[in-house]
Amino acid sequence: MSNTNLSEQEQIRRESLSELRKLGIDPYPAAEYKTNVFAQDIHNNFEANAEKYVEVCLAGRIMNRRIMGNASFAELMDSSGRIQIYVRRDDICHGDDKTMYNTVFKRLLDIGDIIGVKGHVFKTQMGEITVHVDEFTILSKSIRPLPIVKEKDGVLFDAVTDPEMRYRQRYVDLIVNPQVRDVFRKRSQIIQSMRELFNSNGYLEVETPILQPIPGGATARPFITHHNALDIPLYLRIANELYLKRLIVGGFEGVYEFAKDFRNEGMDRTHNPEFTVMEIYIAYKDYNWMMNFTEEIVKKASLDLHGTTQVPYDDKIINLNPPFKRISMTDAIKEHTGIDISSMEEDELRKVCDSLNVPNSPEMGKGKLIDQLFGEKCEHHYIQPTFIIDYPTETSPLTKMHRSKAGVTERFELMINGKEIANAYSELNDPVDQMQRFMDQLRLSEKGDDEAMFIDLDFVRALEYGMPPTSGMGIGIDRLTMLLTNQSSIQDVLLFPQMKPEKKATSDPEEKYTEKGVPPEWVDPLKKLGYTTIAKLKEVEKPGKLANDLNGCNKKNKLGLAGLSPETVAGWLA
RNA sequence: CGGUCCGUAGCUCAGCUGGCAGAGCACCUGACUCUUAAUCAGGGAGUCGAGGGUUCGAUUCCCUCCGGACCGACCA
C-alpha cells in the first residue's frame, strides 16, 4: 500500500522479492561466491582448451533473456564482459519439482539481477560460446528496472545518451554502456604508466595538504572552508606546487603527486570544480630537460595505452612521437598575427589587442595582455604537440628569469589539440627575487586582478635556506585522458562530475496529514494525486471532486480501502 | 551571463494549423527444449518537467520558473 508511488515494474519486482523469500531463497545472501573464471577468459581460451572449461563457475548481472518454454538463453555480464548462458529446465531441476526453473528463473528473476552459475562451456548451433548451466544462485535481486540497450552487429539500439542520467547515475551508465568502463580503465592505465616511469627514475610519490591556509602555487579563485578547532579559514588547494618545492628544499631529489585541485570557477565541457593534476619536481634540472622528459611521459602513456603514438581525436590524428615542435610565445604570436611584440610595452600591446579585436581590460598588465593575445590568436592552432616556451614574467611569478632573454621566464606549456596539457618551469629559487615577485602580484591584485597570487611567506623562508636549481612540471590528467581516449568533454573522463543538485519535489511527512485527520492509509493516494504538501491540499475548493478522485485511485490501484464521503474529505480541509 | 534547441510510459522516441495519450523495447498472462535486437497471441502501464494565462476544450498556443544539451563570454 505504501508503494503507490512506485512504478508498476518496481512493484512487481518487490513482489518477486517477497515471493523468493517465501520460497526460502535469500535474495541477498551473505556467503562468498567462489568463481573460477571470467567471461572474457572463456571467450579467449575455450576453443583452444575446451577441456579446461567443463566445470566453470562465474557470476554477473543478467542483461538479456530469451525464454523458450523449457529452455532459455540469457546474457550474463561480469567485470570482463558478457557471455551467453543456457538454462534448461530439466538440467537445473532434477526431480519432479520444477519450481527453480518455472517460477524462480522464468518469473522471479529479471534483467539486472546478479546471479552465479555453475556449468560447462559449449558452442551453440549458431556458433556462440555459451555456458550450459547446471546450477544457479541468486546473489542480488534488482528491484529497479535498468534501461534496456540492445545491440546487433556492434550497433546499439536505444542506448542511454542523456547526460543527466549518464553522469548523475554513473552506475547505470557503467552497466549499460560498456565502452564507458573502458575509458576509466584507460584513465587508470595512464596514471599507472606515469607512476611506473617516475618510480623507475627513483622519484618519490608524496602527499601534500589539500586544506591549505594560503592557497598558493597558481592563480585561481579558491574554495574556502573553516576549521572549527583552530577557528581559522582554510582553502581547498588550487595547486600543490609550493609544498612540493618545500620537499625539494628538504633534500628529496625528485617528488611527484597525483593531486586533486579545486577551483571555484566556471564549469563547462573542459572544466570541473575538482580536477586531477600530476605535478613533479626534480632537482638539478631545467626546463629544457623537462621538455624532453615530458615528451617521454606522453610517448610512454600513448604506447602503454594504444601501442602506438598515432592517436585519433575527433577527425584528426595526433602524432605523439617526439620530438615536439618548440616555439617561443613571441614567435608564436608573430607567426599567427604577423606582429612582433617582443619589445612592446603595455600601451602598445593594448593597441595591438584592440586592433585585432582581442578583448582586454584596464587592469590587465603587460603579461596578461600577451597571454590574452596568445590565447585568442594562437592557442587553438596548435593541434599537433607543441611546446610554447618563454612566458612573460608578470604571469609567471614562480619561474626563473630566462638565462639570456630579457623580460621572459624559463617556462613552457605543452599544447595538444589546441589545449594546454602541461605547464612547466625552471623553478625560481632566488628567495629575494621570489619575494619581489610576490609583492608584484600583490600590486596586481590591488589593481583589481582577483587572480593574482597570495603571498606565502613560509615558502619564501624555505627558499632562503636554499633550494637546488629545480625544474617542475604539471600535467592535467583529465585533459590528457580526454586526449588519449578521444572524449570531448571532461565529464566523460570523471566518474562523478560535479552536477547541480538534483531537484527534489517537496513532500510533507505523513504526520502532517494525520494531524489534519487524514487516515494514514489515504496519505499515499493523496500524494499520488499530486497533493504532496498540506498547502496544496488546502487549496482544494471542491471536496466532492477530491473524494471522487481518491475513491477512483483506490479502485484503480486495488487498495481495498473503504470509500470516502465528500463530508469526510471536507473535514480534512477545514 | 547571452543565443539556439530539448523535457511525453522503466528506456529510446513519435504526436500536424488545439479535439478521447501513441510506437518499439521493457513489464504482465499464455505458447515454444540451441535462441541471439529470439518469435507468436493477448494485456496494462502516463501529474505529457512545474506553475499561471488564452480557450467550450491545451501535450499542442502565450508567459514565468525548473532541469538539460549545443554555441558564444570567463577560467585549467
Side-chain angles (χ1 to χ4, degrees), chain A residues 5-13 15-16 63-75 82 84-91 101 107 110-112 122-128 130 132 142-168 172 176 218-221 238-239 261-277 359 361 372 375-376 379 413 419-423 450-451 474-479 488-491 499-506 527-532 536 549 556:
Chain A
N5 53 342
L6 295 177
S7 71
E8 182 194 28
Q9 293 193 42
E10 288 172 302
Q11 292 185 42
I12 288 166
R13 287 190 178 210
E15 280 160 23
S16 299
M63 296 305 286
N64 188 332
R65 288 200 303 170
R66 296 180 283 276
I67 295 174
M68 305 163 301
N70 293 330
S72 299
F73 288 91
E75 264 179 70
R82 295 186 182 205
Q84 179 167 269
I85 62 172
Y86 178 60
V87 180
R88 199 159 61 177
R89 185 190 66 187
D90 296 336
D91 291 328
Y101 184 76
R107 195 157 62 79
D110 290 291
I111 289 175
F122 75 112
K123 207 165 176 179
T124 65
Q125 287 172 6
M126 302 298 289
E128 178 152 349
T130 301
H132 188 130
S142 159
I143 59 171
R144 186 183 283 267
L146 280 173
I148 302 298
V149 180
K150 300 221 172 188
E151 178 262 322
K152 178 166 174 79
D153 302 330
V155 182
L156 292 178
F157 294 81
D158 303 332
V160 175
T161 53
D162 176 17
E164 178 74 4
M165 169 110 136
R166 288 193 48 226
Y167 303 148
R168 219 182 268 291
V172 174
V176 303
T219 55
R221 283 200 297 277
I238 55 175
D261 287 347
F262 304 83
R263 297 188 183 177
N264 204 343
E265 291 167 350
M267 284 166 58
D268 60 28
R269 215 174 60 254
T270 53
H271 297 84
N272 194 64
E274 55 183 291
F275 59 102
T276 305
V277 175
S361 52
Q372 190 77 356
E376 290 285 316
E379 193 170 60
E413 290 192 3
K419 304 267 164 47
E420 176 197 337
I421 294 289
N423 181 17
D450 60 0
E451 286 186 355
I475 291 187
I477 297 298
D478 309 300
R479 292 189 171 179
S488 57
S489 82
I490 198 169
Q491 284 86 356
M499 305 282 286
K500 285 191 189 174
E502 204 166 351
K503 65 168 175 184
K504 205 177 159 197
T506 52
K527 288 189 176 180
K528 191 172 177 67
L529 288 174
Y531 301 99
T532 50
K536 282 187 187 171
D549 289 345
K556 192 174 160 194

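Lettering follows sequence order; numbering is per chain, from 1.
Note: CD (A/E15) to C1' (B/A45) measures 14 Å, nearest angstrom. As a whole-Å value, the separation of A/N64 CG from B/C11 P is 19 Å. Note: CE (A/M63) to C1' (B/A37) measures 14 Å, nearest angstrom.
Note on A/T270: a base of the nucleic acid sits closer than 4.0 angstrom, heavy atoms only. Nucleic acid contact for A/Q84: base, since at least one base atom lies under 4.0 Å from a heavy atom of the residue. Across all strands, A/N264 comes closer than 4.0 Å to no nucleic acid atom at all (heavy-atom distances). Across all strands shown, A/D261 has no heavy atoms under 4.0 Å from either base or sugar-phosphate atoms.
Between A/P145 and A/I111 the shortest side-chain heavy-atom distance does not fall below 4.5 Å.
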Pairs under 3.5 Å (N/O, protein and nucleotides 25-29 of chain B):
unit_1 : atom_1 : unit_2 : atom_2 : d
B/C25  : O3'    : A/K150 : NZ     : 3.2
B/A26  : OP1    : A/K150 : NZ     : 3.2
B/A26  : N3     : A/Q9   : NE2    : 3.0
B/C27  : O4'    : A/Q9   : OE1    : 3.4

side-chain contact (heavy atoms from CB on, under 4.5 Å) between A/R82 and A/E151, intermediate numbers included:
CA-CA 12 Å; A/R82 295 186 182 205; A/E151 178 262 322; over 6 Å; no
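Residues meeting the side chain to side chain contact (heavy atoms under 4.5 Å, CB included) test with A/R107, sequence neighbours left out: A/E19, A/T103. Residues that satisfy the side-chain hydrogen bond (donor to acceptor under 3.5 Å, both in side chains) test with A/D158, not counting sequence neighbours, are absent from this structure. Under the rule for a salt bridge (charged side-chain N to carboxylate O under 4.0 Å, His left out), the partners of A/R13 that lie at least two apart in sequence or sit in another chain are A/D110. Under the side-chain hydrogen bond (donor to acceptor under 3.5 Å, both in side chains) criterion, A/E15 pairs with no residue at all, not counting sequence neighbours.
Taking only side-chain atoms of A/M68, from C-beta outward, the nucleotide of B/A37, B/U35, B/A76 with the closest atom is B/U35. For A/D162, the side-chain atoms get nearest to B/U12 when compared with the rest of B/U12, B/U33, B/C74. When each of B/C11, B/C71, B/A37 is scored by its nearest atom to the side-chain atoms of A/R269, the top-ranked nucleotide is B/C71. Comparing atom distances between the A/N70 side chain and each of B/U33, B/A76, B/U36 picks out B/U33 as nearest. Counting only heavy atoms from C-beta on, A/A71 has its side chain closest to B/U33 among B/U33, B/A38, B/G67.
Paired runs in RNA chain B that reach 3 or more consecutive Watson-Crick or G-U pairs, where each pair keeps both distances under 3.5 Å, cover B:1-7 with B:66-72, B:10-13 with B:22-25, B:27-31 with B:39-43, B:49-53 with B:61-65.
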